[in-house]
Every structure is written in C-alpha cells, then in structure tokens.
Amino acid sequence: MQDQEFSKAYEPNNYEDSIYKAWEESGFFNPDNLPGKRTKSFSISMPPPNATGNLHIGHAVMLAIQDLTIRFQRMRGQKTLWLPGTDHAAIATQNKVEKLIKAKSGKTRHDLGRAEFLKQVNDFVIQSQTNIKNQVRKMGSSCDWTRERYTLDEGLTKAVSTAFVEMYNDGLIYRGSRIVNWCPRCLSTLADDEVEYKPTTEKLYWIKYGPFTLATSRPETKLGDTAVAVYPGDERYQKFVGKKIMIPGVLGEFEVTVVEDKAVDPKFGTGVIKVTPAHDFTDYEIAQRHNIVLKQIINEEGKMMANCGKYAGLTTRECRSKIVEDMQRMGLIEKIEDYDHNLSICYRCGTPVEPLPSKQWFINVNKEVKKLGGKTIKQKALEVVKEKEIEIIPDRFNKTYYHWIENLRDWCISRQIWFGHRIPVWYRNTKHGTRNMEHETSEEIYVGLEAPKGDGWQQDPDSLDTWFSSGLWTFSTLGWPEITKDLKTFHPTSLMETGYDILFFWVARMIIMSTYLMGEIPFKHVYLHGLIRDENGVKMSKSLDNVIDPLDVIKKYGADATRLSLLIGTTPGNDMNLSESKIGGYRNFVNKLWNISRYILINVKNPRLIEKQPSVKTLADQWILAELNLLIDFATKNLESYNFSVVGEKIYEFTWSKLADWYVEISKVESDKEEILLYILQNLLKLWQPFTPFVTQVIWQNLDDKNLLMIQDWPKASGKVDKKVIKDFDLVKEVVSTIRNLRSESNISPSQEINAVIVAGSSKKLIEQESLVISRLARLKKIEVLTSGKKSKASLSAVVGKIEIYLPVAGTLDVKKELNRLTVEEKRVRDFVAHLEAKLKNQRFLERAPKEIIEKEKVKLADHKVQLEKIKQQLKTLK
RNA sequence: GGACGAUUAGCUCAGUUGGUUAGAGCGCCUCGUUUACACCGAGGAGGUCGUAGGUUCGACUCCUACAUCGUCCACCA
C-alpha cells in the first residue's frame with residue numbers, strides 16, 4: 001500500500017475514470033468473456049435514453065438499480081448481459097432539431113427538404129449520443145458496450161419492417177379512415193396516450209338549434225353538424241326522433257337527423273347534443289352507430305376548410321368568435337356561461353389537439369389471430385400477467401395494467417413526421433397526399449421489406465410511432481428477426497426496470513409485441529421505480545431551478561455516494577424526495593468505509609485474500625463472524641427479491657455500527673486479528689460492490705491486484721450462527737454503553753479513568769472474560785467483577801438486565817442528581833412491570849394467545865422484576 | 001366521475017405474514033482531538049404512528065368511513 005495513495009479522505013475523482021476504464025478493458029461487461037462455467041443467464045435490456053437528451057436524475061436511478069442487479073448476478077455466477085442503447089424518440093427529436101434550425105437560420109424543415117433535414121437530425125443525434133453514453137459510464141454502469149444498439153440502426157430498422165410486414169400479413173395492421181387526435185402544430189397524429197389534458201376555463205354557449213336549445217363549447221363545429229342526439233326514450237324529444245329537421249345557421253339552413261343514443265347524458269344541459277362526427281370522438285361513434293354521414297370542416301392546419309363559406313381559412317379560434325358574433329346578431333345565442341373543462345393538448349408541444357378524420361395505419365387489438373391460438377393481442381397481453389408469467393413489482397400495478405389493456409382501442413401507429421422508421425408500404429396511382437376520407441382511390445398497395453420492382457411506386461411518406469420500435473426492444477436488440485445465439489441465450493430477458501410513468505407507453509407495448517412476434521414474454525420481472533422529486537416533493541424542473549444534475553453531484557460527492565442515495569431509502573413504485581444533503585451523507589459513509597479499510601490495511605503485515613473463514617479466539621471474533629454470516633444470508637435473499645433498500649441499510653449498519661464502532665475498536669485491545677479483519681473486509685467489499693463499485697474496487701486492489709472485484713464470487717455464509725454468541729456480546733455492549741452513559745451524565749471527562757464494580761450474578765464468567773474489552777472501551781482503570789453482594793457507597797449505579805454496575809466516585813458524587821436519575825429509571829421499569837403484570841393477569845390473553853408469546857412475556861416480566869428490585873436497592877444505598 | 005398511492009421524530013424515509021417499552025439518516029443539544037476517519041467519536045433530547053369507529057387476548061400493521069396531499073385513467077356537449 002502506498003501511503004500517498006491511501007489518503008485520509010477518499011477522493012472519488014482520483015479513481016473513478018481509471019477504474020471504469022479498467023472494467024471496460026477487462027471485457028467482463030461482455031458475458032462471453034466471463035470466467036468459469038456459467039450455465040444460467042441473466043439479462044436486462046437498458047431502457048434506451050432519448051438519443052438527444054442529457055442524463056437526468058431519472059436515468060441515474062434506473063442505472064443504479066440495474067447496475068446493482070447485474071453486478072450482483074454476475075458475482076453469483078450468472079451469464080450476465082446488460083444491453084445498452086439509445087432511442088431516436090421520433091417526435092421529440094424532430095421538434096428539438098426543428099427548433100434549433102429555426103433559431104439558427106430561420107428555416108423550417110420544409111425549406112430544407114426531407115433528405116437534408118434528416119441529415120441534420122442525424123448529425124445532431126450522433127453528437128448527443130456520444131454525450132449521453134459517457135454520462136452513462138460516469139454512473140459506473142457495467143453494460144456491454146459491444147452490443148450497444150440504436151433504434152434507427154440497420155438491424156433494428158429491419159426488425160421494425162419485418163414486424164410491420166408480419167403483422168400486416170396477419171391482418172393485425174390495417175389502413176383505415178378514422179377520427180384521430182391531430183396536432184395542428186406538429187402536423188401529425190397522436191396516439192390516445194400522447195394526448196394530455198389541461199384544466200381550462202372556457203365559455204359554454206347555449207344556442208337555439210331549430211326546435212331545441214343545447215349547449216356547446218365549440219360553436220364553430222356547427223358547420224359540420226349532421227345530426228342531433230338525445231337519450232333513448234327521453235320523453236321531451238320523442239316527437240323528433242328519427243326525423244330529419246332543418247336547422248337555421250349562419251350559412252343558411254342545413255339538415256340534421258335526430259337520433260337516440262346512450263352516449264347522451266339526459267341530465268346535462270338540455271339533454272340534447274349536436275353531432276359533429278368529423279371533429280369529435282363521441283360524435284363519430286354516435287354517427288357510426290346510426291349511419292350518419294360526416295362532414296369535415298377543419299383541415300390539418302387547424303383551419304376552416306373551403307366548405308365553410310366566409311369562414312374558410314380562419315383558425316378554429318378565430319372562427320369561433322366570428323361565428324358567435326354572427327349568431328348573436330341572428331338571435332341564436334341564448335346565453336354564455338363560464339365553463340371549466342379539460343382541454344386536450346399535444347404532449348410534446350402543448351398545442352390544442354384537433355380531432356380529424358384521417359386515413360392512417362392502425363394495429364387491430366381485437367382481431368383474433370392464429371399465432372396466438374385464436375386470441376387477440378389484447379387477450380394475450382392480459383393473460384401473461386394474470387397467469388404470473390410476468391411479475392410486476394410492486395404488484396399493485398397489475399390492476400392499472402389490466403384496466404389499461406382492457407380499455408385499449410386500436411393503436412394508431414402512423415405519424416406524419418420525417419424522423420423515424422418509414423412505413424414499409426408502397427402505393428401506385430395513389431392520392432396518398434390526401435387523407436380526406438371522401439377521396440377513396442383505387443390504388444395498388446405493396447407491403448414488404450424492400451421497394452417493389454416496377455415503375456410508379458411511391459413509398460408512404462409517413463413514419464411509425466416511436467413506441468412501435470421501442471416495443472421490439474428486448475428482442476430486436478438481440479438480433480431478431482435472425483434467430484441468433486444471443487436471442488436464444490438472453491430472451492426472454494430477466495428484468496425490465498423502468499419508471500412507472502411509462503408502464504403503458506412502453507412496458508405494455510413490449511408485452512404485446514413480444515408475445516405476438518416472439519411467441520414469448522419479453523421479460524420475467526418488471527420492477528417499477530418511482531419519480532425522483534426535490535426535497536419538498538416537487539417535481540424537478542429547469543424552470544423551478546430545483547434540478548439535481550447527476551453529473552454535478554457525481555463530481556462533488558462521487559458516483560458511489562450518488563448511487564447509494566438513489567438505492568437506499570426507496571421502495572418500488574413510490575416517489576422519492578432527494579436532497580443534496582442526503583447525497584452528502586452517503587459521501588460521508590463511503591469515506592467511513594474507506595477509513596475502516598485504511599486502518600485495517602495499514603495495521604496488517606501482509607494484506608491478502610483469506611480463503612477460509614479464520615478460526616476464532618475471542619467472543620468478539622465469534623460475534624463479528626456470526627453477524628457477517630447473518631448479513632450475507634440476508635443480503636443474498638433480499639437482493640434476489642429486489643429489496644435493494646433494506647439490504648443497503650443492513651450492510652451500512654454492519655459496516656458502521658458493528659464493524660467500525662465495535663469490532664475495529666476491540667481489535668485495538670485484543671491482538672492478533674489480522675486474518676479475521678482481512679476476511680471481514682474482503683467479504684464486506686464483495687457485499688458492497690454492487691452498490692458502490694468504485695471505492696470497493698480501489699480498496700480491493702490492495703488485497704488482490706490481479707483480479708477485479710466485479711468477477712469475484714458472491715460470499716457464502718459459512719457455518720451455523722450461534723445465537724448465544726450474539727446475545728452475550730450484546731450484553732457486553734450494553735454494559736459498556738451504560739457505563740459511558742453514567743460517565744457522560746455526570747460529566748466525567750473521557751480522559752479521566754475510573755474504577756468499576758460489576759455485580760454480575762450468573763454472567764460473572766462472561767463479564768470477567770470480557771473485562772479487558774469493557775474497561776478499555778468504557779475507559780476504566782480497574783474493574784472488579786463479583787457474583788453478588790457488596791453495596792458500594794457513593795457510587796453512580798445502574799442495572800443492565802441482571803447485572804448491577806457501580807462506579808465509585810466518592811467526593812464528586814452529586815447525590816441529589818443521582819437520586820433523581822435513578823428515580824426516573826425506577827418509575828420507567830415499574831410502569832413496564834405493571835403493564836406486563838396486567839397483561840399476564842388477563843384471562844383471555846392467557847387463553848387465546850400462542851404459548852410462545854405467553855412464555856416470552858413471562859420471561860420479560862421476571863427479568864424486569866429483578867431489574868426493578870436492584871434499582872430499588874441502589875436507591876436505598878444512596879440514601 | 002373511477003382507480004391507486006401517501007399520511008410514523010423538526011426534515012427525508014424504513015417498519016416483511018398483527019405479538020418491540022415504535023427504528024434509521026440528516027438536523028438539534030452536551031462532551032471530546034483515545035495516532036482509520038471532524039466527511040470523526042461518546043452521550044442525549046425528540047413520536048398518544050392523519051382523524052373517528054370496528055375486528056382481536058393484542059393493531060403502526062387488518063376492516064369501514066372521513067380528512068389532507070399526490071398520481072394515473074376516463075372525459076359530458
């Protein structure tokens with residue numbers, strides 16, 4: 001050990017980069033290079049961060065948890081693969097680059113043209129990918145970079161096309177004319193779950209509508225009305241049902257059909273709604289049920305179409321105020337009220353969504369397919385979770401998953417953006433530029449992996465929803481559609497670890513895609529972590545300036561401390577509040593581990609690995625090994641079941657409160673502990689490695705400079721744990737603590753050594769045997785151990801279980817204070833004894849409680865009665 | 001409107017199938033440089049476990065209702 005290398009405080013910045021480099025160069029992130037015979041595999045697909053992003057704290061928590069799991073399984077002898085990659089994040093990336101270009105040159109993507117725009121997007125992506133990959137490394141992630149993938153790389157693009165073609169041939173993908181969510185800013189469709197809702201106060205217009213009065217928030221859609229609907233059997237309107245009526249409007253009269261439909265709430269408003277099938281989902285469904293025609297009046301830019309007369313060309317908002325004016329003039333407006341409702345907006349840009357009729361590609365979620373034994377993809381996705389093939393942690397998310405799947409409608413997968421996987425469909429004699437449903441065309445369609453031969457074919461200009469490719473992630477990254485060795489070895493993956501916020505977006509879609517295309521589940525366990533909020537529980541955001549940047553805190557406190565702060569004190573599915581002081585606390589801990597190691601390594605003659613558990617000499621030796629073995633069992637069991645936090649807490653407690661506070665201190669008193677100290681240290685480093693891989697490796701090099709800690713075998717508990725050892729040692733600890741307490745209460749300075757008399761009864765042998773330890777830790781000069789008797793006058797006194805402790809401090813004894821202290825203590829024990837006595841007198845307790853519990857209470861009572869007696873005597877002696 | 005979660009020490013959170021005199025870290029108070037560590041050591045104060053009922057010999061733990069906060073889903077003109 002080099003002294004200068006082992007500085008007083010651990011400096012993470014001096015080691016982290018070189019350690020990571022050593023790991024990466026060792027090749028052990030790659031499962032093919034792992035030593036030993038590894039028959040079982042354990043794999044995780046890393047949820048791909050957006051190719052454009054910066055690492056944020058949400059990524060950090062995901063990386064910490066996944067790396068912990070992979071490192072644990074690697075040490076357990078599994079063939080471990082953690083496959084990293086990035087996602088092209090279609091709309092998000094396109095929007096971002098569009099903004100950048102606009103800011104730089106004032107140009108739009110249309111000015112540049114498709115090819116040039118895509119080139120610029122790709123340049124941008126390559127640059128930010130390098131950035132985020134290095135940030136992933138900073139966290140210590142032991143993922144296999146040789147297998148890294150990108151959703152737009154060649155192999156994955158082929159997987160996407162193959163999936164599309166296969167689903168098309170099975171009739172699962174179809175092109176249809178439907179009402180879609182349309183963002184007039186992005187000029188694209190949005191999936192149902194890409195629409196967000198914003199509470200907004202708007203106006204509700206009560207309008208005269210022929211013979212009816214009805215309420216609407218969108219009077220401009222009156223131009224597209226083709227029906228009026230009432231609740232079935234509503235007496236007020238029976239005479240109109242089934243009739244066609246002429247309604248006066250701002251562009252003259254128009255005809256509507258009156259229908260009955262259960263979608264109408266007879267209690268809301270007047271119980272009548274106007275039906276605009278082309279621009280409202282509910283209205284569209286009503287129109288479908290009653291064979292009502294639809295009339296599109298709003299175009300893809302959110303403007304009124306040519307069929308709107310003088311309103312043509314206005315935005316919907318402009319049109320609304322204009323049309324309201326005109327209607328007021330005609331006396332068609334009865335009243336206008338304020339009205340709170342949820343405005344639908346685009347989740348990417350916040351623009352209000354315009355429902356429009358459009359020709360798009362969909363995945364049919366209700367089609368029974370042969371490949372799934374006649375089930376629908378929806379049924380299959382439900383089944384694998386219900387039958388526990390896939391286990392979601394925490395399991396309460398099962399319910400929300402079921403609910404979401406059950407209510408899933410056909411998934412619109414085409415997007416009118418350029419950046420993404422182009423839809424593998426070609427048309428001839430097409431009018432694909434028009435999405436208007438009224439233009440049915442006779443066109444040839446070709447769906448395939450490559451462009452068809454022959455003239456006049458044009459590829460569909462649209463691209464696929466980014467979640468379509470993400471849905472293939474677990475198997476497309478392993479080589480599918482080729483049946484590769486990796487695919488056979490690592491799929492289904494073992495664990496999917498991600499935030500609960502994308503359970504639907506992503507996890508559900510992977511399940512759908514994998515069960516259909518692969519015929520197997522994508523992963524066995526789903527671990528959902530919560531959101532990281534700031535110390536006040538507020539979502540982190542740049543505008544609030546409450547963001548904790550993982551790179552900043554790694555630099556300041558080290559990657560290990562950052563990881564610990566994200567791994568401990570959290571439970572799956574629950575949000576976590578994180579503050580910098582918490583990270584600082586774990587930095588202190590890492591430093592503690594460093595200094596324990598430093599002490600051991602400096603004081604040991606020959607730092608080395610110890611193969612077998614060393615033989616013991618003292619109670620402390622037995623105790624620390626027993627505690628270590630308990631810890632190993634606990635950690636192994638709980639890491640297997642993803643209880644990271646409790647494991648971290650337990651190892652932390654062992655390290656600081658057991659090893660450092662007691663055993664290391666005792667090692668300064670009892671000699672000849674070289675082997676045990678080394679043995680404990682080497683196992684402790686192994687236990688910590690999945691949590692804090694950097695500092696443990698730095699320390700490990702001092703024990704073994706040839707092999708990396710990350711591929712060592714996970715520790716095994718050796719031998720049976722003797723409970724009596726732990727009980728005895730705990731008693732010794734309590735005696736020491738009690739003496740320290742007495743000293744402290746009486747302001748006896750640590751440098752002042754005093755005598756002690758311990759009346760130990762049946763524990764005399766134990767206390768005598770441990771008297772050296774006790775006297776050094778409690779800073780005693782002389783210690784006298786008796787079986788019984790001898791009341792020491794003018795002493796501080798206390799009782800530990802059945803043991804009486806006297807510290808003769810004649811002269812300095814503050815009798816009044818001491819009496820007071822003992823009286824308080826006496827009352828506390830007396831109350832407890834009374835409580836136990838009452839319990840044990842309760843007939844029903846005696847009848848119904850289990851025997852062991854009653855026995856336990858009886859022993860407790862007896863012990864405390866003895867204690868109470870002794871305190872009383874001590875009080876008497878003082879008086 | 002429906003579902004879910006949270007509510008435990010000043011703050012951030014643990015608390016496994018009901019059987020401890022309710023725990024940890026940070027913060028706070030007192031004392032302390034005993035050569036691993038002041039990113040430290042020793043000791044201490046601090047909680048009727050959101051409220052009200054109920055089940056039970058026994059409830060922080062189970063049930064019911066309510067309150068506050070939060071999230072998701074559905075969206076009704």
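Lettering of chains follows the sequences in order, A, B, ..., and the numbering in each one begins at 1. Quantities reported herein were computed from a predicted structural model and do not represent experimental measurements.
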(Q) I'd like to know whether A/K817 forms a side chain to side chain donor-acceptor pair (under 3.5 Å) with A/S746, so could you lay out the CA-CA distance, the side-chain angles of the two residues, the decisive distance to 0.1 Å, and finally the verdict. (A) CA-CA 9 Å; A/K817 194 172 161 188; A/S746 303; 5.5 Å; no
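- Checking B/C75, B/C37, B/C26 against every side-chain atom of A/N342, the shortest atom distance belongs to B/C75.
- A/E649 and A/S645 form a side-chain donor-acceptor contact under 3.5 Å, judged by distance and modelled atom types alone.
- Side-chain proximity of A/R598 to the nucleotides B/C75, B/C37, B/C39 is greatest for B/C37.
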Q) For nucleotides 44-49 of chain B, read 5' to 3', which letter fits each nucleotide if B means a protein heavy atom sits under 4.0 Å from the base, S means only the sugar-phosphate is that close, and - means neither? A) S-----
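- The residue among A/V736 and A/D280 whose nearest nucleotide of RNA chain B lies closer to the 5′ end is A/V736.
- Distance check, rounded to the nearest 0.5 Å: CG of A/D280 to CD1 of A/I273 gives 7.5 Å.
- In this pair, A/Y586 and A/Y652 present their aromatic rings perpendicular. The plane angle is above 60°, beyond the 30 to 60° band.
- For A/R587 against B/C39, a side-chain N or O and a base N or O form a donor-acceptor pair under 3.5 Å.
- Nearest nucleotide to the A/A9 side chain, out of B/C37, B/C39, B/U71: B/C39.
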Q | Intra- and inter-strand pairs of RNA chain B in dot-bracket (Watson-Crick or G-U wobble, both distances under 3.5 Å; | for another strand) | A | (((((((..((((.....[...)))).(((((.......))))).....(((((..]....))))))))))))....
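- If you take atom P in B/G10 and the same atom in B/U33, they sit 32 Å apart, rounded to whole Å.
- Of the side-chain N and O atoms in A/W656, one or more sit less than 4.0 angstrom from OP1 or OP2 of B/G41.
- Evaluation of atom-type donor-acceptor distances gives no pair under 3.5 Å for the side chain of A/E665 against the base of B/A42.
- For the C1' atoms, the distance from B/G32 to B/G25 is 23 Å, rounded to whole Å.
- By the 30° and 60° cut-offs, the orientation of the rings of A/W656 relative to A/F589 is tilted.
- Rounded to whole Å, the C1' atom of B/A22 lies 27 Å from the corresponding atom of B/G41.
- Atom CG of residue A/L681 and atom OG of residue A/S597 lie 4.5 Å apart, to the nearest 0.5 angstrom.
- Taken residue by residue, residues 215-226 of chain A places heavy atoms nearer than 4.0 Å to RNA chain B at A/A215, A/T216, A/S217.
- Spacing between atom NZ of A/K8 and atom C1' of B/U35 amounts to 9 Å, rounded to whole angstrom units.
- Regarding A/I602, its CD1 atom lies at a distance of 11 Å from the C1' atom of B/C37, rounded to whole Å.
- Considering CD1 of A/I207 and CG of A/L332, their distance stands at 7.5 Å, rounded to 0.5 Å.
- To the nearest whole angstrom, the two P atoms, one in B/A38 and one in B/G44, are 24 Å apart.
- For the pair A/K865 and A/E837, the salt-bridge criterion is met [side-chain N within less than 4.0 Å of a carboxylate O].
- Checking the phosphate oxygens (OP1, OP2) of B/C75, a side-chain nitrogen or oxygen of A/Y197 falls inside 4.0 Å.
- Using bins of under 30°, 30° to 60° and over 60° for the plane-to-plane angle, the ring pair A/H835/A/F832 lands in the parallel bin.
- Remark: the separation of the C1' atoms in B/A24 and B/A59 is 23 Å, to the nearest Å.
- For the P atoms, the distance from B/G23 to B/C40 is 24 Å, rounded to whole Å.
- For A/K335, the salt bridge (Lys or Arg N to Asp or Glu O under 4.0 Å) criterion is met by A/E337, not counting sequence neighbours.
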Q: Report the C-alpha distance between A/E847 and A/R844 in whole Å, list the side-chain angles of each, state the deciding distance to 0.1 Å, and finish with yes or no for salt bridge (charged side-chain N to carboxylate O under 4.0 Å, His left out).
A: CA-CA 5 Å; A/E847 278 164 23; A/R844 311 199 62 170; 5.3 Å; no
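- Atom P of B/U61 sits at a distance of 13 Å from the matching atom of B/U17, rounded to the whole Å.
- Near RNA chain B, meaning a heavy atom under 4.0 Å away, the residues from residues 392-399 of chain A are A/R396, A/K399.
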Q | Base-contact (B) and sugar-phosphate-only (S) positions in nucleotides 7-21 of chain B, heavy-atom cut-off under 4.0 Å, - elsewhere | A | -----SSS----BSB
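- The pair A/D225-A/K222 fails the salt-bridge criterion, with no side-chain N (NZ, NE, NH1 or NH2) lying under 4.0 Å from an Asp/Glu carboxylate O.
- Classification of the A/F644-A/Y527 ring pair by plane angle, with boundaries at 30° and 60°, yields tilted.
- The gap from the P atom of B/C76 to that of B/C4 amounts to 24 Å, rounded to the nearest Å.
- When each of A/F504 and A/N842 is assigned the nucleotide of RNA chain B with its nearest heavy atom, A/N842 is the one assigned upstream, toward the 5' end.
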